[in-house]
Amino acid sequence: MESWQGARCAVVNESAKKVRKKLLLFILLGWVLLIIGDRVDELRVYQGAQIAMYTIALASIVLLTGYSGQVSLGNGAMMAVGGYAAALTLNNLQTPIWSAFMMAILVAALFGAFLGLAAARLSGPYLAGTTLALAVGLPAIANQFSFLGGEPGLLFDIGFPPERFGEEFTQYKWYFWIATFISLVALFVTSNVLQSRFGRTWRAIRGNALAAELSGIHASQMKVLAFTVSSGLAGLAGAVLAMTISLVAPGAYTLALSFALVTGAVLAGISSLPGVALGGFILVVIPEIADVLAASLGNEDKLNSYLPGLFVSVLLILSVIYTPNGPGENLRKHFHKKSAH
Amino acid sequence: MSGLVVTNLSVAHGAISALRRVDFSVELGQLAAVIGANGAGKTTLLRTLSGLKDANSGSATWKEREILGKRPESLVRRGISHVSEGKSVIPELTIKENLVLGGIWRGDRVDTSRAIEEVVELFPRLGERMEQSANTLSGGERQMLAIGRALVSRPKLLLLDEPSLGLAPLVVEQIFETINQLRHKLGLTVLLVEQNAMSALEIADIGVIINLGEVVATGPANKLINDPALRAAYLGY
Amino acid sequence: MQKALETLLIGLSTGSIYALMSLALVLVWRSTRVINFAQAGQAMFSTYIGFEIASRSQVFWLGLVFAIVAGALLGAGVDYFFMRVLFKHANSGPAAVVAPVIATLGLLGLIRSIVGLTWGGEFRAIEAPASKNGYTFGEITIPFSPLNTLIIVTVAIILIILAILFQSTNLGLALRASAYAPEIAQLAGIRTARIRTIGWAIAGGVGGVAGMLVTSYNFLTPYSLDLLLVFGFIAAVIGGLESMVGAVVGALVLGVGLTIILNYVGTSLVFIGGFTVLLLVLLIKPDGIMARGKVRRG
């Protein structure tokens, strides 16, 4: 009896230590990013904010698809929900900024819970197709109700950076700071959730839902939970996106966004949370590369519009075929083979 | 020699060995009964011979040409027809369509019609219900349809997987009798996999007893009926 | 009363185009167990080819023929070069479930990019083979036009051809057998891989027709067929994904349903209406309206 309790204590202490270590790591990472942010030019700072936004959105996919095994194309729609919730809160209730972001998480999570309830009994292509329909349909609702601002959308202005940061501290740098901070916090929390029994339960469900049920896991409940948390994350990302462009409009949350998210997640390793940094980076870098290429090829309109998509699609196809579980898995298999001899 | 020659055949399902170093041969025109208890590896044997499963090692030849590792469709073209256990009938199709299916690969409509007529002569019960869906058939009738479909392909080597499974004893008798008549009339070589050892050995020329993936006895069927290895394979002593 | 009739007619016309798309999706689903999201891309590509021919020759039907051929070739190509490679490589780990879905989405994006780079994103129009002006009865003009009639007739003809193909030919029998029970079909000597490719070709050709018909009363852009994909998918799911008849019925039901929402509720809610219909059907009858008790969940 005593040794069992002792073992439990040891495990809890171990994980508490791990969490503390992780916290330190994240804080350190935050400092490094801030210092980098000081050294680079405006464009890079802005892109940094975009990368931070993508990491949050990709984390939502890692949780939903990588861990609980549900393929959803609707995360873009959830981002829209979060963005609109944040804008409406900020504009109509005159609350501080952070509560606008909180509303984004909560409202999106609520929508996600509904979606999850409906989707818990769906799987594979049925789920994918349903969420595809959502991704196409949801943003269009904004056109129907005037309080949602229609096509042109709503303003989402978080205001100027505090004066004590001085004149040199630009708007984009402020966005970068906020986005990075939110991203780090969100990733820290997500990382802990994924490594907790929730994460383990989700993976069990993904692996074999029937076996999980027989082990006492309420698969449906957990699936709904995954949708809820994932949508909350996506909503947060949507609010961050809105912040960086100072706007929420249907055009910011298109089907293309959902595709891009899925692409980024697959490229980064769909069940790897650290991979979201790589994924976000790729999602921002590709349009950049495509722009450069398009410019050198004559800068035609159609090059600009379709070249990024070409790269993204080719990358997605190649990675789905050759590294379906992310490059990490391929490396691991390679080393495994070597050590087996 | 011509006919079916299996040499040193080993087949595994992943890490689990299903057949180990199986050796036997069946001459042209013979009926070989492959006997063994459940899980002995008999179905795996047929699936490997008909191309549905890859072998790990060894060889199998039919008329002196290697048949391992080939696609099932190409083996059908070499005259090998496999009536798989329990599910060789497509219930969503009509009886007629199930039969026609066996003749599509040959592309000879006239001959296929003739072959279907011959099958109906053999199994009149099928002829009465040609346009009905195959899922209205009883177990015995399904078995007839499955064998009929295989016959429409005009095979030279017939692989039968437990035709008696789930059927009433009277029906089993009929089926076995039909198989025996058939193979004499058409000069077929038959590999008959069965749990029903007695009935199978009674119509067989030779028998092959498999226990836990290994051949434990082969020989003329009438001798094997009394072989202690047979009892051991089923009762464990 | 008049509005109800109009709604019904327009709904049938719309639904008949969805029927082609949902048929193509069901065809591929049954033979390969994959929902081919790239179907929209294939249809779009075929339609651009059709558009080129139609605008040069000024004959819509010639363009349609070329669209069918292009669609069939592309469909066969996708199955032969793309799907086989995919199934060979991505068959383990958490991504195995996800891989085919994402791969076809990637293919959709790829085709769209290629089309966009080749033709640009401008709105293209194909001259319709019939008038878009509604029929007039004395003083009343209904929104149902000769073009709508033509669409319904064309789709009906295609459906009849397909029905004959599947029910009365050996090829159709081989296609059905390979979809219902691929192993048994193989043991009967059917070259199931080849048959599957033919199935994809048929689906591709049908998709091409759908694209041409939709474009005859809309504009053509690299994005214009996305909605067709979504509605085609919804229609296929409503119909049960397992039967071609179901695909057609589901499409007609969806077409009429969406038109009702369009005429009686509001335009922007059409899309979310489609989503709602889909959700309701999946919750109430997960195997679709036409399902006969065989439970398949992907």
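All values reported here derive from a predicted model rather than from experimental measurement. Worth knowing before you read on, the calculation uses all heavy atoms, side chains too, and leaves out hydrogens, waters and symmetry mates. Lettering of chains follows the sequences in order, A, B, ..., and the numbering in each one begins at 1.
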Item to check | Heavy-atom contact with chain A under 4.5 Å, split by part of C:Ile234 | outcome: side chain

Checklist entry - Going by distance alone, is a donor N or O of one side chain under 3.5 Å from an acceptor N or O of the other, for C:Asp79 and C:Thr197? => result yes

Item to check | Check: C:Thr47/C:Arg124 side-chain N/O donor and acceptor closer than 3.5 Å | outcome: no

Checklist entry - Heavy-atom distance under 4.5 Å to chain A: side chain of C:Phe37, backbone, both or neither? => result side chain

Next on the checklist: Whether the side chain of A:Ser258 engages the backbone of A:Leu73 through a donor-acceptor N/O pair (distance < 3.5 Å, no angle test) should be reported.
Outcome noted: yes

Item to check | chain C contact via A:Leu127 - which portion, at a heavy-atom distance below 4.5 Å | outcome: neither

Next on the checklist: Would you compute the distance between atom CG of A:Leu261 and atom OG of A:Ser60 and round it to the nearest 0.5 angstrom?
Outcome noted: 6.5 Å

Checklist entry - For A:Thr130, is it the side chain, the backbone, both, or neither that has a heavy atom closer than 4.5 Å to a heavy atom of chain C? => result both

Item to check | chain A contact via C:Ile111 - which portion, at a heavy-atom distance below 4.5 Å | outcome: neither

Checklist entry - Going by atom types only, do A:Ser68 and A:Gln70 share a side-chain donor-acceptor pair under 3.5 Å? => result yes

Checklist outcome for this item: Answer key: most heavy-atom pairs under 4.5 Å with chain C among A:Ala135, A:Ala133, A:Gly309, A:Pro308 is A:Ala133

Checklist entry - Are A:Asn75 and A:Met79 close enough that some pair of their side-chain heavy atoms sits under 4.5 Å apart? => result no

Item to check | Side chain / backbone / both / neither for A:Leu318 at chain C, heavy atoms under 4.5 Å | outcome: neither

Checklist outcome for this item: Cut-off 4.5 Å, heavy atoms of chain C, and the answer for A:Ile317 is side chain

Item to check | Which portion of C:Leu110 sits near chain A, non-hydrogen atoms under 4.5 angstrom | outcome: both

Item to check | Spatial distance of atom CZ (A:Phe111) from atom CE (A:Met78) [nearest 0.5 Å] | outcome: 7.5 Å

